[in-house]
Amino acid sequence: MLVREQLTMSDYRDKDPLIHGIQSKIRVVPNFPKPGIMFQDITTLLLDPKAFKDTIDLFVERYKGKNISVVAGIEARGFIFGPPIALEIGAKFVPLRKPKKLPGKVISEEYVLEYGKDCLEMHVGAVEPGERALVVDDLIATGGTLCAAMQLLERVGAEVVECACVIELPDLKVEDMEYVSHLGLE
């Protein structure tokens, strides 16, 4: 179990007027991809350059000056938010991918989902011991994928500073995940 100090950006909801604008751009699609799921569609956020930039800017504001050298983005939507954050804070971007998507030598971390198992992979040597890392994804549901990402980075000796997500699903129980920064969007 990963036990970490609880830090969130949900305080922004009441303090920052940008949050309402960002939240209004995320479309909720009922019963997708299967009945009972309320899918949080970020593609509508990406269609609005101002809302997309505001989202990136809020994360950059939080992480600039924290000596983060690695931004690790989880496939696939972490690839959307991670690179612009990495560029703005002067860090490298490292993709964390599903199995057999990265060429060359990789290390992997398996994790359990509510409906089965999955795995994340990272290139060997992409992250060095002692580097400070930020994990980025679009959404936190149960925390399983984020935990796997953290374990993968920590196995190579990185210090995971925080995990950053745009959306949190508060109705789902986040397991073993107490160190997540999110914009407070629900």
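Counting from 1, the numbers follow the sequence of the chain as shown.
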Point-to-point distance, once rounded to the nearest 0.5 Å, from [atom1] of [X] to [atom2] of [Y]:
X      : Y      : atom1 : atom2 : value
Lys101 : Lys98  : NZ    : NZ    : 10.0 Å
Glu159 : Asn67  : CD    : CG    : 10.0 Å
Glu61  : Asp54  : CD    : CG    : 11.0 Å
Glu110 : Lys117 : CD    : NZ    : 5.0 Å

ILVMFWY cluster, [X] and [Y] together (side-chain gap under 4.5 Å):
X      : Y      : value
Leu96  : Val124 : yes
Leu102 : Leu152 : no
Ile167 : Val29  : no

Check: [Y] and [X] side chains under 4.5 Å, non-hydrogen atoms:
X      : Y      : result
Met122 : Val106 : no
Leu134 : Ile68  : yes
Ile74  : Phe81  : no
Lys50  : Leu18  : yes
Phe79  : Pro95  : yes
Ile26  : Val166 : yes
Asp118 : Pro99  : yes
Ile42  : Leu46  : yes

[X] and [Y]: which non-hydrogen atoms are nearest, and at how many Å?
X      : Y      : value
Met150 : Val135 : CG-CG2, 4.4 Å
Ala164 : Phe59  : CB-CE2, 3.7 Å
Ala72  : Leu153 : CB-CD1, 3.9 Å
Ile37  : Phe32  : CG2-O, 2.9 Å
Ala51  : Ile22  : O-CG1, 3.8 Å
Cys119 : Ser108 : SG-CB, 3.5 Å

Looking at Lys53, I'd like to know if its NZ atom is crowded, meaning that more than 12 non-hydrogen atoms belonging to other residues, nucleotides or ligands lie closer than 6.0 Å.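 Count not over threshold, so no.
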
Are more than 12 heavy atoms, taken from residues, nucleotides or ligands other than Lys64, located less than 6.0 Å from that residue's NZ atom?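 Enclosed: over 12 neighbouring heavy atoms sit under 6.0 Å from NZ of Lys64.
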
Side chain to side chain contact (heavy atoms under 4.5 Å, CB included) between Leu139 and Cys165, intermediate numbers included: CA-CA 5 Å; Leu139 179 139; Cys165 297; 5.8 Å; no

Which residue is it: Glu121, Glu75, Glu109? I am looking for the one with a salt bridge (charged side-chain N to carboxylate O under 4.0 Å, His left out) to Arg97.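 Of the listed options, the one satisfying the test is Glu75.
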
Walk me through it: do Val28 and Gln40 pass the test side chain to side chain contact (heavy atoms under 4.5 Å, CB included)? CA-CA 5 Å; Val28 178; Gln40 306 291 311; 3.7 Å; yes

Side-chain donor or acceptor of [X] paired with backbone N/O of [Y] under 3.5 Å:
X      : Y      : value
His123 : Ile107 : no
Glu88  : Ile85  : no
Asp41  : Arg27  : no
Thr44  : Lys25  : yes

Residues Ile80, Asp138; criterion side chain to side chain contact (heavy atoms under 4.5 Å, CB included); working and verdict: CA-CA 8 Å; Ile80 296 168; Asp138 69 322; over 6 Å; no

When you check the gap from the basic side-chain N to the acidic O, do Lys66 and Glu162 get nearer than 4.0 Å?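 No salt bridge links Lys66 with Glu162.
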
Yes or no on side chain to side chain contact (heavy atoms under 4.5 Å, CB included) for Asn31 and Phe39, after CA distance, side-chain angles and deciding distance? CA-CA 7 Å; Asn31 301 311; Phe39 185 79; over 6 Å; no

